[in-house]
Number of protein chains: 2
Amino acid sequence: MVTIADVAQKAGVSISTVSYVMSGKRAISQDTKDRVEAAIDALEYRPHASARSLASRSTNVIGLQAPLRSGVDVHVVMEIVAGVVREARAHQYDILLLTSDDAEGLNRAAGASMVDALLVMDVESDDPRIGALRELSTPSVLIGLPQGGEALTCVDFDFEGAGALAAERLVERGHTRVALLGAPREVLDRHTSYADRLIRGFLGACTAHGVIGSVHPCPNSVEAAEVLDEVLAADPGITGLLIHNESALAHVAARAAEIGGLEVLALSPADVSRTVPGLADSIEIPAEGIGEAATEALFALLAGEPTPRVRLLPPVLVSRRDLVADAASPDEAAAESA
Amino acid sequence: MVTIADVAQKAGVSISTVSYVMSGKRAISQDTKDRVEAAIDALEYRPHASARSLASRSTNVIGLQAPLRSGVDVHVVMEIVAGVVREARAHQYDILLLTSDDAEGLNRAAGASMVDALLVMDVESDDPRIGALRELSTPSVLIGLPQGGEALTCVDFDFEGAGALAAERLVERGHTRVALLGAPREVLDRHTSYADRLIRGFLGACTAHGVIGSVHPCPNSVEAAEVLDEVLAADPGITGLLIHNESALAHVAARAAEIGGLEVLALSPADVSRTVPGLADSIEIPAEGIGEAATEALFALLAGEPTPRVRLLPPVLVSRRDLVADAASPDEAAAESA
DNA sequence: GTGAAAGCGCTAACAT
DNA sequence: ATGTTAGCGCTTTCAC
């Protein structure tokens, strides 16, 4: 293995000079710098990550707890992770995917100094990890917005606002009875932060506008279509729907088209809703943007820069026409909707 | 921060004794061991990962390159990763999710001694990373089975066998013209290893049995149903179908049911095909098992144990009846099909 | 502008 | 059965 001493020797300088050339933490003559860099290239020197982190007390690694369990919208999770990864790479950081998704996993990673910071996904409204994070001196960001989490930095999509926006839109279009077909029962039962907030926003706006809104769990499968049947059987007056379930979306939309007289709004990543016919407007979940924003916030924390304790990405209503235009020419459509 | 010296002092022993108590690498009297363990608990001591890895020359971290790009079956990727994570945790390893998915990313992780081993997903038939891995002394396992990859350890599902099994099954059921609706065009164009092998197995068996088989790329959306229309328009004699595309599956199956006279076989994770009605038999992709098997192989390599250079998980045909029974009572059905 | 050397916290010889 | 100590490869004072 090539060490910094090998580089120093080859360049005819001291070890510390090599270190300073790499870090740029002190002025180096151009000549020396050139020789050192030549030696680094020639030897294909790669600093030993552990040695560096032991000496510098930082790892350039972010710990990430991501939900690999079932029930979650797999697409959304993947895109969030992709956003995290992209932003991390831009800062020369790597991602440690923590293998245990509880509070102990966070303590372990932080306690063993494996990471500089922690990113926690899929936070539940009352999550035991929140307490653990608060005790830790390791900076952290939650992707989600739990009840007692206000002491921590939280980044997420504004699900409450999205629920309200959807309800208002349906009201605007003349519907007086509306329903939210949401996550599967297991996710609702777990009181996943986003599901709770979406429901709150949706029902709140319904109440505010004096329309009747209802919420229904929805399985991740074709049976979702049957849920729609049941919902309509129970209340045939329902004409406006909001679907927040990636795997159910196409099935429910298809069934709604068969039935007729229904307006279906989707809440999903743009690339998912774009492929589903029969939708009216849709609200985009900027999944990759969430991952990016959360990671940005983490770096701000790490840099000691001021960061808002809560950042919610705003919901945007996209009309079906724009969605189609989007697919044809992304740039124009983006400019238009801006 | 609590260090090993703090523990040693509190327990009244030397630091090496503490180290040996933790590693179990030499005999320690029960009394000493008790005192050390008490001190560790009392101080909540966590060994510094970098210090340990610098001294021991191993990190207890596996580097993973996972495809976060589009086109792949997101479910399958997530389940494979879940399998990797589970198996890694069982061995006290963590996962470093590499943020660049090229050969340089592998060189960087290995060169900087960030990982003890590498796991590479989504390998293409002719992948530049194969050469990079071969140069590296870091052990690695590919999830996939590329052309020139035989020098490396490869673990995957036997897609070629699955293609053949599917074709044979369709032949058995009397079909003489069969079609494979597979991955989206972008995946086929990339010559992703699994797509290539599936096609080879499917068409090979067709030829062997003297039936006419064809292969069609399939978009990840409802338009998949239209692909089916086109395929049948081009050759109305086709009566047997194999679908290998998670997001297209439900749509194609639904359209096939409308059309009638078709037999649809699915190749997908069990929990996906289970939710789709109208399927005949299905072949399960044991996604989590792939991740597990690959990680097992990696640990065998790490331990210097002999490992087969190629391990392919065998395809199993599951009849629709068992799928349904499965959902009702997993244990019984498992026993039955065993 | 550069070098020497003292750690960072641990493991694993080499002691006894 | 336990202790002493020399590194592991780097960063960062201090010194010039």
Side-chain angles (χ1 to χ4, degrees), chain A residues 1-37 39-40 43-61 92 108-116 137, chain B residues 1-40 43-61 92 108-116 137-138:
Chain A
M1 141 169 256
V2 179
T3 73
I4 195 172
D6 300 326
V7 175
Q9 185 173 22
K10 172 136 191 166
V13 298
S14 74
I15 286 179
S16 60
T17 296
V18 176
S19 176
Y20 283 119
V21 166
M22 301 197 72
S23 69
K25 287 189 180 171
R26 80 177 175 194
I28 303 279
S29 72
Q30 189 58 48
D31 175 60
T32 307
K33 185 186 276 183
D34 290 346
R35 272 166 32 235
V36 169
E37 278 166 355
I40 287 175
L43 299 176
E44 299 190 40
Y45 168 61
R46 318 233 179 209
H48 190 290
S50 297
R52 173 175 272 181
S53 95
L54 179 57
S56 69
R57 314 174 138 272
S58 84
T59 60
N60 270 44
V61 171
Q92 331 266 42
R108 210 179 61 87
S113 303
M114 309 178 79
V115 301
D116 291 347
S137 62
Chain B
M1 140 166 255
V2 179
T3 74
I4 196 172
D6 300 325
V7 175
Q9 185 173 20
K10 172 133 189 166
V13 298
S14 72
I15 62 169
S16 62
T17 297
V18 175
S19 176
Y20 284 119
V21 166
M22 300 197 72
S23 68
K25 286 189 181 169
R26 80 175 174 194
I28 303 280
S29 71
Q30 189 57 47
D31 175 62
T32 307
K33 185 187 276 182
D34 289 346
R35 271 164 34 234
V36 169
E37 279 166 354
I40 287 176
L43 299 176
E44 300 191 38
Y45 167 63
R46 318 237 181 205
H48 190 289
S50 297
R52 172 176 272 181
S53 95
L54 179 57
S56 69
R57 317 171 137 271
S58 86
T59 59
N60 270 45
V61 171
Q92 332 266 42
R108 212 179 58 87
S113 304
M114 308 179 79
V115 301
D116 292 346
S137 60
T138 307

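Chain naming here is simple, since letters A, B, ... match the order of the sequence lines and numbering starts at 1 in each.
Neither OP1 nor OP2 of C:dG1 sits under 4.0 Å from any side-chain N or O of A:Thr32.
In this structure, the separation between CE on B:Met114 and CZ on A:Arg52 is 10.0 Å, given to the nearest 0.5 Å.
Remark: the backbone N or O of B:Asp31 is not paired with any side-chain donor or acceptor of B:Asp34 at under 3.5 angstrom.
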Study note, to complete from the structure: Expected string for nucleotides 9-15 of chain C under the B/S/- scheme (protein heavy atoms, under 4.0 Å, primed atoms plus P, OP1, OP2 as sugar-phosphate) is BBSBBB-
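We find that CD of B:Gln9 is positioned 18 Å from C1' of D:dT2, with the value rounded to whole Å.
Looking at heavy atoms from C-beta onward, B:Asn60 lies in side-chain contact with B:Gln92 at the 4.5 angstrom threshold. Side-chain atoms of B:Arg26 and B:Ser16, non-hydrogen and from C-beta on, do get closer than 4.5 Å to each other.
Applying the side-chain hydrogen bond (donor to acceptor under 3.5 Å, both in side chains) criterion to B:Asp116, with sequence neighbours excluded, gives B:Thr59, B:Tyr93.
Place B:Lys33 and A:Thr17 on DNA chain D by their nearest nucleotides, and B:Lys33 ends up nearer the 5' end.
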